[in-house]
Amino acid sequence: MAQQAYVTETDNGGSGPERREPGLQRLTNRLKGLAAGWRGDPHIWRRGLVLAALAVILALVMLLHAQIPNAIGNLGSLTETFLPWLGLFVPVLLLLALVRRSATALIALLVPAIVWLNLFGGQLTDKTGVGGDLTVATHNVNADNADPAGTAQDVAASGADVVALEELTADAVPTYEKALASTYKYHSVQGTVGLWSKYPLSGVKPVDIKLGWVRAMRAAVTTPSGQVAVYVAHLPSVRVKVEAGFTARQRDKSADALGEAIADESLQQIILLGDLNGTMNDRALNAVTAQMRSTQGASGSGMGFSWPASFPMARIDQIMVRGLEPLSSWTLPETGSDHLPVAARVKVDTSAS
């Protein structure tokens with residue numbers, strides 16, 4: 001059998017078998033060669049100035065998002081709705097900087113990377129705790145849901161003690177009531193929102209959020225650990241229009257009214273469940289978010305995006321608390337809706353009732 005020999009030149013001019021380098025060593029040598037090439041390149045600081053400028057602009061947009069005016073098409077709120085996704089531009093610019101062999105652009109990219117981590121890095125960690133004595137869930141079930149019974153059963157299977165549903169239609173309400181009756185003894189439907197509970201409800205009433213019809217409600221839930229005021233709300237939808245931008249005037253007006261109602265609540269412990277059609281970063285919801293904590297931000301794992309269900313890009317379905325300790329927060333599996341249900345577990349303060 002013929003044996004093929006690999007011959008290479010040696011220092012003394014002789015020849016011998018070639019030794020193939022291990023894969024990791026080959027990669028290391030290539031990186032060393034690349035670094036050597038960069039060190040010898042006199043243009044690495046002059047190339048990529050445009051990329052460096054884009055990196056700085058990206059950092060400024062994220063850092064100063066609250067200063068972006070809403071006067072033109074609610075551009076500020078639109079930016080804040082999808083603010084976490086701006087981080088995707090960092091790896092894109094990184095790739096372009098490597099292709100351009102620009103040291104200036106690479107250094108400039110540290111700025112948006114640090115800003116993004118400062119804003120959202122904490123949400124990448126798992127803050128889920130254990131314990132708690134009340135589990136709540138909320139779900140925009142979608143008025144066009146083709147399987148309301150299945151959706152109701154999916155939400156009930158979460159084990160939640162209290163469930164809020166939004167976008168209920170008059171035709172679908174009996175189906176939801178029937179599907180949830182065996183799990184939840186108490187319930188109330190006000191307009192297009194409803195609340196189902198394993199514990200007694202009292203003080204049930206609609207909440208006026210300046211729409212002309214009912215899309216919000218309030219009830220006191222008497223849990224074994226004490227009374228908790230539970231608000232359910234479905235704020236008006238927002239639209240992105242070419243001629244008008246991010247149209248959210250009615251949503252913003254309703255958010256202010258909801259914030260006023262919560263501020264006037266007599267009970268110390270409050271939970272807000274619902275589809276707010278806005279994220280915690282959206283300044284238009286300040287009337288609500290300034291006085292409540294997001295369970296996802298305080299005790300969740302990841303961003304907790306809930307909409308659209310097929311490819312979640314934003315968390316517009318919220319669970320917020322005041323006077324209670326959030327211990328865990330999560331999204332539930334997809335149902336027949338275009339939103340994902342979200343759930344949380346909280347600790348009720350027995351001394352607050």
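The side chain to side chain donor-acceptor pair (under 3.5 Å) test with H234 singles out one residue from T192, D275, T138, and that residue is D275. Partner of F305 under the ring pair (Phe, Tyr, Trp, His ring centres under 6.0 Å) criterion, chosen from W85, W330, F82: W85. Remark: of the listed residues V136, L134, T183, T223, L134 is the sole one forming a side chain to side chain contact (heavy atoms under 4.5 Å, CB included) with D161.
Using a 3.5 Å distance cut-off with no hydrogens or angles, the side chains of N142 and S337 do not pair a donor with an acceptor. There is a side-chain donor-acceptor pair under 3.5 Å between R345 and T135. A donor-acceptor contact closer than 3.5 angstrom links the side chains of S351 and D349. No side-chain donor from either of D154 and T335 sits under 3.5 Å from a side-chain acceptor of the other. Side-chain contact annotation: R322 with Q269, donor-acceptor N/O pair under 3.5 Å absent. T295 and S329 share a donor-acceptor pair across their side chains, judged by distance under 3.5 Å alone. Judged by distance alone, the side chains of Q153 and T151 never bring a donor and an acceptor atom under 3.5 Å apart. Residues E166 and N140 have side chains that never bring a donor and an acceptor to within less than 3.5 angstrom of each other.
Linking Ile, Leu, Val, Met, Phe, Trp and Tyr whenever their side-chain heavy atoms come within less than 4.5 Å leaves L110 and L95 in two separate clusters.
Y231 approaches R218 most closely through the heavy-atom pair CZ-CG, 3.4 Å. When all heavy atoms are compared, the tightest approach of P206 to Q190 is CD-OE1, 3.6 Å.
Ion pairing between D208 and R215 fails under the 4.0 Å rule for side-chain N and carboxylate O.
Looking at E325, its side chain never comes within 3.5 Å of a backbone N or O of K347 through a donor-acceptor pair. Between the N118 side chain and the I114 main chain, no donor and acceptor come within less than 3.5 Å of each other. Looking at S306, its side chain does come within 3.5 Å of a backbone N or O of D317 through a donor-acceptor pair. The backbone N or O of R251 lies less than 3.5 Å from no partner atom in the side chain of S254, so there is not a single donor-acceptor pair. Side chain of R47 to main chain of R100: a donor-acceptor pair is present (N/O by atom type, distance under 3.5 Å, no hydrogens or angles).
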Between W116 and F89, does a ring-ring contact (aromatic ring centres under 6.0 Å, His included) hold up when you go through it step by step?
-> CA-CA 11 Å; W116 190 93; F89 287 105; over 10 Å; no
